Every structure is written in C-alpha cells, then in structure tokens.
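Here's the structure we're looking at; comments come further down.
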Amino acid sequence: MTMTRSRSHTLAQFARRARMSAQRLRVLHGERRLPAPDGVDPDGADVWSAATIDRWLRATGRTVPDDAVWPFGWPDASESAEVIWSGDIDLPRGHTAAVTIFDGAGQPVVYAVGYVGQDVSRDTIAEAAIARLDPDRRPGAVVVQPFLLDPESDGPYPHLELWRMPEQPDPVPDPAPAALPAMLRRFLPQREREREPVGVMRQPVIGRQRRPDAPEYAGSVFASEVARVLGRPVPLWWAGTTTPEIMRTVRLLDQPRPLPIADTITEWPAAIARLTAALEHSVHTTYPQAFALLARETRAAHRDVSAALTHPSTGDGWYLAAAPQPPAWPAVAEQRAVAAGRDLDPEAAADELDRLAQVEADREWRSDDPYGNALRHAILLLRGRLAATHPERVYTFPVTYSWPDAHGPICDEYRRHLTGLTPADAHGDPEHPTRRLVRLLTQDASDAAIAHHQLLVNARERLVAIYRDPQGRLVAHLTAGFAHLDDELLIEWPTSMPPAGWTEQTVIAADETYSATGLFAMTPGPDGALLPPQPVPNPGDEPRYTFGYGGNSPAVVYQALVRCALGDWTAATHESWVQRLSTHPDDQRNRPHSRLWQQIVTSKGALRLSWADVQQWVREDQEALFRRRQDRR
C-alpha cells in the first residue's frame with residue numbers, strides 16, 4: 001500500500017513526533033521494536049500514520065504529542081464514564097441501531113451496534129449516531145462500532161472501528177468557478193469576463209467527499225484503548241446475537257460478563273435438528289449409509305462449535321456481551337451418532353442415493369422442516385462422496401438453469417413441446433409446492449436462504465406457468481419484470497451424459513443472445529420432422545452457456561461439448577484445454593489450434609454447430625494435446 005506524505009510520517013518525521021533522535025529511532029527500527037509500518041511512500045520508504053505512532057508511544061510509556069488523536073492523547077479515566085444517553089436511533093428504510101453515548105473525559109464517545117438482519121452500512125450508522133448529539137457537542141466526537149465475531153474464527157477480535165468528527169468545522173468550499181484559459185475567456189460577454197476570477201485555477205475534486213456534518217472513518221482501535229478512556233470494558237458481540245431483545249437485556253443489566261443465551265448462530269442447532277429428525281424417521285435403519293454421513297458431520301459440528309465457544313469471554317478492556325450455550329447431545333442421538341461410524345459402502349450408498357432423491361423431491365416443502373432438510377443434506381453428502389467413483393449415479397440429478405430474456409426460434413421450438421401442469425399434478429401447485437418445485441423456482445437455494453430472503457414469495461409473484469418437457473423435466477415461466485426483456489425460463493437442466501439418439505444430422509443450436517442462453521441438440525427424425533429439442537448437458541458440472549467471444553462462460557460451452565463428445569466426466573477439467581489451444585489459426589506461438597473453440601468464440605448471432613463436426617474437432621484437440629505432452633517428454 002502506498003501512502004501520501006501528507007497523511008503519513010517517514011522515519012525522520014516519526015522521530016520528530018516521538019521527540020526522539022533520528023539515530024535512536026533508526027536503531028529501534030533495525031531491531032524491529034517499532035510498530036509495523038502502515039505502508040510505503042511514493043519513494044518506497046516505510047511510513048506510519050499518526051495514530052500508529054501515537055498508539056506506540058502510549059503503549060511504551062512515552063510522551064504522546066499534544067495533537068494526538070482520540071484516544072491516544074486522552075488521559076486514563078479515574079472512574080467509569082457517565083452514560084449520557086442510550087437507546088435506539090432511526091436509520092434509513094425503517095431500520096434502527098442501538099447506541100450508548102458516554103462522556104469520555106468531556107469528549108462524547110458513541111458506541112453503536114446495528115441490529116442483526118439489517119443491511120445498513122457502518123458509515124450510515126456512524127453518521128446517524130453523530131446526528132443524535134447536540135450540534136455543539138459534535139466537533140471532536142467519536143463513534144466506535146465493534147467488529148462482529150465469527151464463531152468459526154480463532155477467537156474474539158478485540159478491536160472496534162472508529163469514526164471521528166474534526167475538532168474544527170471544515171472550511172466552506174469556495175463556490176467560485178475555475179478560471180478559464182485566456183483564449184476562451186475572450187469569447188465570454190464583458191459582464192462574465194469581469195465576474196470570472198483571474199490567476200487561480202482551482203483543482204478539480206475527484207472521488208467521494210465527506211459531508212461536513214458526517215464523521216470520517218479513522219480505522220480501528222483496540223478495545224483496551226477505548227476502555228482506558230471510558231474507565232469500563234466495552235462489549236463485543238458474536239455475529240447473529242445483536243437482536244433487539246438481547247441487546248436491550250445487556251444494556252439494562254450493564255454487567256461486564258456474558259449473558260447466557262440459546263445458540264442460534266453456530267452450525268450446531270441445524271446439525272442436531274437434522275440428525276434428530278433423521279432418527280425420528282428411522283433413517284438409521286432405512287438409509288444406514290446416509291445416516292452414517294449425517295452422524296459423522298454432526299459429530300464434527302459438535303467438536304468445532306465446542307472449541308469455538310470455549311474461547312475467552314473477557315479480555316483487556318472487553319467482554320462478550322452474550323454467549324451461546326455450549327452444544328449438548330440428546331442421549332439417544334449421541335449414542336446413534338457414535339454407533340454409525342462405519343466405512344462407506346459405495347454400491348449401497350448409490351442405491352440409497354437414488355431412493356432418497358425421489359423421496360426428498362416429492363416431499364411437500366415447508367419453511368421449517370428438519371426432516372426435509374436432513375434428506376437434502378444427506379443427498380448432498382452422498383453425492384460428494386460418490387462423485388469421483390460413481391459419476392453416472394451421482395449426476396442423474398438436474399440443476400436449475402436460468403434462461404433470462406428467452407427468445408428466438410430455438411426457444412419457440414423448445415416451448416412448443418412443453419406440457420402445461422395444473423395444481424392436480426404432483427409438482428404443479430405453487431401454493432403447496434414440493435421440494436423439487438421449490439428448488440426450481442428459487443434456483444437451488446437452501447431452505448434457510450429461501451425463508452430469509454422470501455425467494456419463494458418473489459418467484460410466485462412472477463410465475464406465469466409450470467410445464468414438463470418431453471423428458472419429464474420441470475420448466476417454470478416467469479415474467480422478466482422489465483418491458484424491454486422477454487420472459488425468463490427456469491429449466492431443470494441435465495448434468496448427465498447426453499442421451500442416446502444424437503446422430504450425424506444433430507445440430508448443436510442456440511439463439512442469438514446478449515446473456516446466458518439455452519443450448520440444445522436439434523435432431524431430425526426419420527420422417528424429416530424435428531424431434532423435441534434436448535438440453536445439452538455439461539456432464540458433472542453446471543451449464544453457464546454464452547458464446548461469440550472469449551471468456552469463462554464460452555469456455556463452459558467448449559467444456560460441455562468436449563465431455564459429451566468423449567463421454568468423459570473429467571475431460572477439460574484437470575488441464576485447461578482452452579488455455580493450451582491457440583484461439584486463432586494464425587497464432588505463431590507453436591500451439592495447436594482448436595477449430596471448435598474458434599467456432600464458439602467467433603459465432604455471431606445464432607449458434608449452429610454440426611454434432612459430427614463437433615466430435616471431429618474434439619478428437620483433433622485431444623490428439624493435439626496428447627502430442628504436445630509427448631513432445632515435452
């Protein structure tokens with residue numbers, strides 16, 4: 001990081017601020033006894049901010065300059081700081097934040113915390129907190145906001161972010177316009193020439209400017225430094241615990257120790273709920289392979305969360321405001337989890353996967369369904385364990401593919417073969433949807449995300465109709481929501497190998513597009529009529545299909561066609577074929593040239609590729625890469 005000289009101090013300037021000889025300071029620097037530099041100046045020399053220097057001076061018992069910023073120049077509090085005001089402040093969009101205003105040695109110190117679930121920036125909270133002060137108390141006031149703690153981290157992070165108001169109001173900017181060059185000024189009317197200032201060209205203001213009534217962000221400060229000025233420790237919070245109820249209790253009790261609360265923030269509640277629901281539905285006897293994986297993951301969650309919640313709850317100048325209770329095993333669940341520690345039987349696990357997928361897909365979706373969540377989680381765990389050894393069993397499931405702005409002749413042909421569903425169909429009722437239908441409408445979101453972000457509600461508002469394609473896959477038609485765009489299709493897209501039936505007459509086709517598009521195999525039947533279009537899978541992976549330029553998404557089209565042509569789940573994965581193949585026939589770097597890649601990146605408008613040509617080009621690429629590896633040996 002490069003810092004400007006105006007906001008930083010070189011070693012010589014460090015010495016002057018610390019009132020030490022430059023020679024002594026160079027010795028300390030060589031012995032690594034100075035604080036780590038905040039960056040380098042344009043010449044590459046180490047530089048320190050004034051706050052870093054003042055913090056070091058205070059920590060080492062040296063004299064702090066008179067102009068030291070808060071809190072480094074403030075004296076130690078002789079008693080606990082008085083609370084001037086505490087309560088909630090209003091924020092934009094109906095949000096609120098909890099605020100406590102202390103009298104820190106005559107200096108207002110505002111401690112502010114945003115409530116959980118509110119998407120409000122810390123800058124906004126700091127500005128609103130300052131506005132809560134009387135105007136004459138705002139100059140020099142500070143706002144501190146604690147970092148929210150992560151249960152999966154190595155322990156509490158005893159720092160707070162700091163915002164400061166300047167001691168003196170910012171000067172009012174000169175509203176005078178910039179002086180124009182003489183050759184242009186002579187074209188102005190006489191009255192404008194007299195008004196135009198002469199001699200000074202104001203520099204343009206670039207970037208976002210802080211409003212005069214808003215605090216300026218000043219980095220972070222140790223909790224111990226804030227506590228030294230306030231004469232009391234400051235509370236820190238686990239992420240997810242800053243609810244109005246908990247914060248109100250902590251504020252009213254005002255005790256420097258953690259408030260015991262139920263665990264709602266770690267992975268343990270969801271993990272034990274899944275395992276308990278699985279036991280209640282006899283998954284341990286019906287699907288023992290899946291239950292073993294659920295049990296193993298639950299034991300790991302218990303171990304990790306127990307470790308996270310044994311971190312210190314108090315420290316130098318801080319304490320945890322609210323501490324979740326340690327994870328506890330229900331007796332039967334713990335016994336079953338320990339007994340389920342068996343090795344995976346791949347064949348038995350694959351059979352269970354097929355049955356579980358059907359049961360879970362047909363189950364009615366509810367926002368709070370631990371058993372449905374357990375089924376889905378077990379399916380994902382089984383797929384993860386079997387993907388490398390049994391891809392043909394794992395990748396029988398589809399993924400939701402969003403085709404926004406779906407239009408064009410291929411789209412019309414695909415939609416011509418769709419069959420509309422009524423609420424009488426098992427997966428056709430959006431008011432009482434199955435888990436399979438909900439996955440389609442919410443694009444494979446998790447149960448927690450669906451409930452928290454109201455994804456299903458939003459999808460229902462845009463839903464026009466639900467269909468099946470000729471292969472039985474679900475398709476949802478949603479309005480685009482924008483007048484200049486065609487509607488969106490959500491399609492259960494295959495991740496398996498292509499079906500039998502593609503011939504030399506098959507054409508890989510896509511409509512002209514400006515974003516993601518549907519890629520289909522179009523095959524004429526014996527009578528010359530087109531068979532229903534079939535989605536082109538990307539075996540073992542997700543489709544993100546675009547074309548007509550170089551980049552990651554067109555590379556997915558290439559990857560999908562290579563895998564389909566070779567019947568190889570891992571082709572174009574372990575080595576990037578695109579990067580190893582020249583993208584232009586005139587490339588002089590002695591790299592093989594891919595005709596398939598060239599067709600994908602240069603196709604303008606609609607895409608039409610003969611399947612026979614694709615197979616030939618893929619074989620050429622495979623042989624070229626093989627020869628290249630042989631030459632390197």
Side-chain angles (χ1 to χ4, degrees), residues 289-290 293 344-358 361 376 378-401 439 444 471-473 491-503 506 508 510 516 518-521 523 534-547 551-581 592 594 596-597 600 609 611-626 628-629:
Q289 303 295 321
L293 294 180
L344 188 75
D345 181 338
E347 294 303 327
D351 291 338
E352 288 186 13
L353 176 59
D354 296 338
R355 291 185 286 135
L356 277 170
Q358 187 64 51
R376 182 62 177 169
I379 290 169
L380 295 177
L381 292 174
L382 286 170
R383 287 173 176 168
R385 291 294 299 272
L386 297 172
T389 58
H390 293 68
E392 73 287 348
R393 302 291 295 274
V394 168
Y395 296 110
T396 56
F397 66 92
V399 296
T400 300
Y401 184 69
R439 272 200 299 278
D444 297 320
Q471 289 75 42
R473 304 183 189 95
I491 305 172
E492 287 187 329
W493 205 271
T495 58
S496 57
M497 286 295 169
W502 292 9
T503 69
T506 297
I508 306 300
L519 186 68
F520 294 89
T523 304
Q534 295 178 324
V536 174
N538 183 14
D541 207 340
E542 296 182 347
R544 297 184 301 276
Y545 295 151
T546 58
F547 60 91
N552 292 335
S553 293
V556 174
V557 175
Y558 176 87
Q559 176 195 64
L561 295 177
V562 167
R563 291 178 176 179
C564 288
L566 297 178
D568 185 347
W569 300 92
T570 61
T573 299
H574 297 306
E575 58 179 350
S576 176
W577 287 31
V578 169
Q579 293 179 1
R580 294 171 183 267
L581 299 169
S594 170
L596 175 58
W597 177 246
I600 292 172
L609 301 175
W611 176 237
D613 288 341
V614 169
Q615 291 174 297
Q616 175 60 34
W617 295 335
V618 168
R619 287 192 293 269
E620 290 176 1
D621 290 353
Q622 186 182 39
E623 293 169 0
L625 290 174
F626 176 77
R628 191 176 182 204
R629 285 194 295 268

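In this text, all values refer to a predicted model and were calculated from it rather than measured experimentally.
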Of the non-hydrogen atoms in M497 and G567, which two are nearest, and what is the gap between them? CE-C, 3.3 Å

To the nearest 0.5 Å, atom CG of L356 lies from atom CG of D351 at 11.0 Å

Starting from the C-alpha separation in whole Å, work towards a yes-or-no answer on side-chain contact (heavy atoms from CB on, under 4.5 Å) for V557 and V536. CA-CA 9 Å; V557 175; V536 174; over 6 Å; no

Using every non-hydrogen atom in the two residues, find where S496 and P539 come nearest and quote the distance to one decimal. O-CG, 3.5 Å

Any side-chain heavy-atom pair of V556 and D541 under 4.5 Å: no

Does the plane of the ring in Y545 sit parallel, tilted or perpendicular to the ring in W493? Use 30° and 60° as the thresholds. perpendicular

Pair Q622, W577 - check side-chain contact (heavy atoms from CB on, under 4.5 Å), show working. CA-CA 9 Å; Q622 186 182 39; W577 287 31; 3.9 Å; yes

Measuring from R473:CZ to T400:OG1, what's the distance to the nearest 0.5 Å? 12.5 Å

Separation of H390 NE2 from E347 CD (nearest 0.5 Å): 3.5 Å

Checking I508 against W502 for the side-chain contact (heavy atoms from CB on, under 4.5 Å) test, could you report, in this order, the C-alpha distance in whole Å, the side-chain angles of both residues, the deciding distance, and whether it holds? CA-CA 10 Å; I508 306 300; W502 292 9; 4.2 Å; yes

Begin with the C-alpha distance, continue with both residues' side-chain angles, and end with the deciding distance and a verdict on side-chain contact (heavy atoms from CB on, under 4.5 Å) for D568 and R563. CA-CA 5 Å; D568 185 347; R563 291 178 176 179; 5.8 Å; no

First locate atom OG of S553, then atom CZ of F547, and finally report the distance between them rounded to the nearest 0.5 Å. 12.0 Å

Rounded to the nearest 0.5 Å, how far does CH2 of W611 lie from OG1 of T503? 11.0 Å

Restricting to non-hydrogen atoms, name the atom on P494 and the atom on P537 that form the minimum distance, rounded to 0.1 Å. O-CB, 3.4 Å

At their closest point, which heavy atom of G501 faces which heavy atom of T523, and how far apart are they? O-CG2, 3.8 Å

Going by distance alone, is a donor N or O of one side chain under 3.5 Å from an acceptor N or O of the other, for Y558 and D621? yes

If every non-hydrogen atom of P543 is compared with every non-hydrogen atom of Y401, which pair is closest and at what distance? O-CE1, 3.3 Å

Is there a side-chain contact between I379 and L353 (heavy atoms, below 4.5 Å)? yes

With distance as the sole criterion, is a donor-acceptor pair present between the side chains of N538 and Q559 under 3.5 Å? yes

Less than 3.5 Å apart, any donor N or O on the side chain of R619 or Q616 sitting next to an acceptor on the other? yes

Heavy-atom count around Q471 CD within 6.0 Å, excluding the residue itself: above 12? yes

Taking the side chain as everything from C-beta on, heavy atoms only, tell me whether L609 gets closer than 4.5 Å to W617. yes

Kindly compute the distance separating CG (D345) from CD (Q289), expressed to the nearest 0.5 Å. 5.0 Å

Are R385 and L293 close enough that some pair of their side-chain heavy atoms sits under 4.5 Å apart? yes

Would you name the heavy atoms of L344 and A349 that are closest together and state the gap between them? CD1-CB, 3.8 Å

State, yes or no, whether a side-chain contact exists between I491 and P398 at a heavy-atom distance under 4.5 Å. no

